[in-house]
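Read the structure below first, then the notes.
So you know, we letter chains A, B, ... as the sequences are listed, proteins then strands, and number each from 1.
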Protein chains: 2
Amino acid sequence: MYKILLVEDDESLGYLLSEYLKMKQLDVVWEKNGTKVMAIMEQNLFDLIVLDVMMPHTDGFALASQIKDKHPNIPFIFLTAKSLKIDVLKGFSLGAIDYLKKPIDEEELVARIMAHLSRLEKTSPVPPQDDIIPIGTYDFDSRNHMLLHKGDSIRLTARETELLKHLIQHKNNLCSHKDILLGIWGNNDYFNRKSLNVFITHLRKHLEKDPTIKIENVHGRGFILKVGH
Amino acid sequence: MYKILLVEDDESLGYLLSEYLKMKQLDVVWEKNGTKVMAIMEQNLFDLIVLDVMMPHTDGFALASQIKDKHPNIPFIFLTAKSLKIDVLKGFSLGAIDYLKKPIDEEELVARIMAHLSRLEKTSPVPPQDDIIPIGTYDFDSRNHMLLHKGDSIRLTARETELLKHLIQHKNNLCSHKDILLGIWGNNDYFNRKSLNVFITHLRKHLEKDPTIKIENVHGRGFILKVGH
DNA sequence: AGTTTCATTAATTTTTCATTAATGGAATTA
DNA sequence: TAATTCCATTAATGAAAAATTAATGAAACT
């Protein structure tokens, strides 16, 4: 299920579009106020952003370049009444993947969004061939949600597996709360952060048989999986 | 260098577009006859196809689905005078990644093509940036909040890390109280200045194993991190 | 329906760390 | 050299963050 951020101040168009997109099984967050976008993006991981260029108090182009700075890999589409050629070109030069002129045809917008999303699946970083990864005296089999240790095997739950995978992928490097939560939970709020702590405890318990493996906390930042070489 | 197939029967538009695309360093093959397309594709590997829907003797939609059958991974863009909504939707349902209505603006088409092509490139995973800075016999790993010294590692707190980073960035140069406090604490008052002193002490303690590293005070001004060559 | 599994939420204890306080030493100036 | 301001250090404080254990409830099985 894809998650879309729709930034549109116009009540009726915004409502129409978000309903259309929801009909297509998309998870839509509709934000009317451009100034809140950066904050929302700290809390959520989106697959695509649809951005109205002309909004009160907000320059859509400026907002787009802010987004691009902080989240360079999230594609965005401009929506605008500005059909001046120079603006279209500006939109693309900012990195837009599409640019639609008002009046917007909802069905066409949805078709375009679906086209872009289906391309994501093809080009997205190849599903990493999950072999069995050795870690200390353990072997981690992420495909089968298992942790093997000297003959006996420990079953991991889905969350435990994802979290351990994330930590292993960044072995010996700090994984920020934010990245972990956005990557695994999809959003970053107070409760999920509590949940993360619980799973860290679980993983520590699972990994305690090899004392050279440690999941260390970096106060206020996140966690590091350290493995003695 | 990307290779583009342009299928367009109209002489003047075809010429214009192919010249524009060549100007962008693209390798363009311009074919006027839709019936020859499949044969050409046997001989060449294209990154993108631009396809006019309305051509004599050829139904662009039918051609597109033939292409898609044989080469499912090559993206294509429709060019057409048919601006009927039903046709636009048909275009996308056939798997088009874009659909432009005539009259075509060459620059916009080029911008859209470039946008699509640049998305192709974005497949590289994570740029593992190493920002470990050597300082004397230490190595400072600011990302992980660590100071490494001959095998063992010292964990730094958030403030310690920021302060050391600031000092290192201005190695051998005076860092004024004011700049440090404004840069790290955000404001420069009596109490934060006291705090700064405490952290300077912490850093001195952490760095004491290399006597060539000194954090010197400049009375009434600030601090200098001095590192023996 | 009954059971199991598991993510989430809650409640509690423990730890971490920036700040503040207190004290004595150093540099500067009169 | 006396007075004053500035710095260095150690320790105390308190708030926020993290760890742990337990409780809850929904979904997937039997």
Tell me the salt bridge (Lys or Arg N to Asp or Glu O under 4.0 Å) pairs involving residues 169-180 of chain A, sequence neighbours left out? A:Glu42-A:Lys178
Does anything in residues 204-224 of chain A pair up under ring-ring contact (aromatic ring centres under 6.0 Å, His included), and if so which pairs, sequence neighbours excluded? A:His177-A:Phe223
Restricting to side-chain hydrogen bond (donor to acceptor under 3.5 Å, both in side chains), what partner residues turn up for A:Asn144, sequence neighbours left out? A:Asp141
With sequence neighbours left out, the residues meeting ring-ring contact (aromatic ring centres under 6.0 Å, His included) with A:Tyr2 are none
Among residues 183-192 of chain A, which residues get a heavy atom nearer than 4.0 Å to DNA chain C? A:Trp185, A:Phe191
Considering only heavy atoms, which members of residues 160-173 of chain B lie under 4.0 Å from some atom of DNA chain C? none
Show me the pairs that pass salt bridge (Lys or Arg N to Asp or Glu O under 4.0 Å) and involve residues 184-197 of chain A, at least two apart or across chains. none
For C:dT19, take OP1 and OP2 only and decide whether either is under 4.0 Å from a side-chain N or O of B:Arg159. yes
Please examine the side chains of A:Met55 and A:Glu8, heavy atoms only from C-beta on, and report whether any two atoms are closer than 4.5 Å. no
Tell me, for nucleotides 4-13 of chain D in 5' to 3' order, what letter each nucleotide earns: B for a base near a protein heavy atom under 4.0 Å, S for only sugar-phosphate near one, - for neither? --SSSBB---
I need the CG-P distance between A:Leu181 and D:dA18, as an integer number of Å. 11 Å
With sequence neighbours excluded, tell me which residues meet side-chain hydrogen bond (donor to acceptor under 3.5 Å, both in side chains) with B:Asp210. B:Thr137, B:Thr212
Please identify each residue that fulfils side-chain contact (heavy atoms from CB on, under 4.5 Å) with B:Leu100, with sequence neighbours left out. B:Ile77, B:Leu79, B:Asp98, B:Ile104, B:Leu109, B:Arg112
Here the distance between atom P of D:dA18 and atom CD1 of A:Ile180, to the nearest Å, is 11 Å
With A:Ala111, which residues qualify under side-chain contact (heavy atoms from CB on, under 4.5 Å), at least two apart? B:Leu89, B:Phe92
d(CZ, B:Phe199; P, C:dC17) in whole Å: 10 Å
Taking ring-ring contact (aromatic ring centres under 6.0 Å, His included) as the cut-off, I'd like each qualifying pair that reaches into residues 8-56 of chain A, sequence neighbours left out, listed once. none
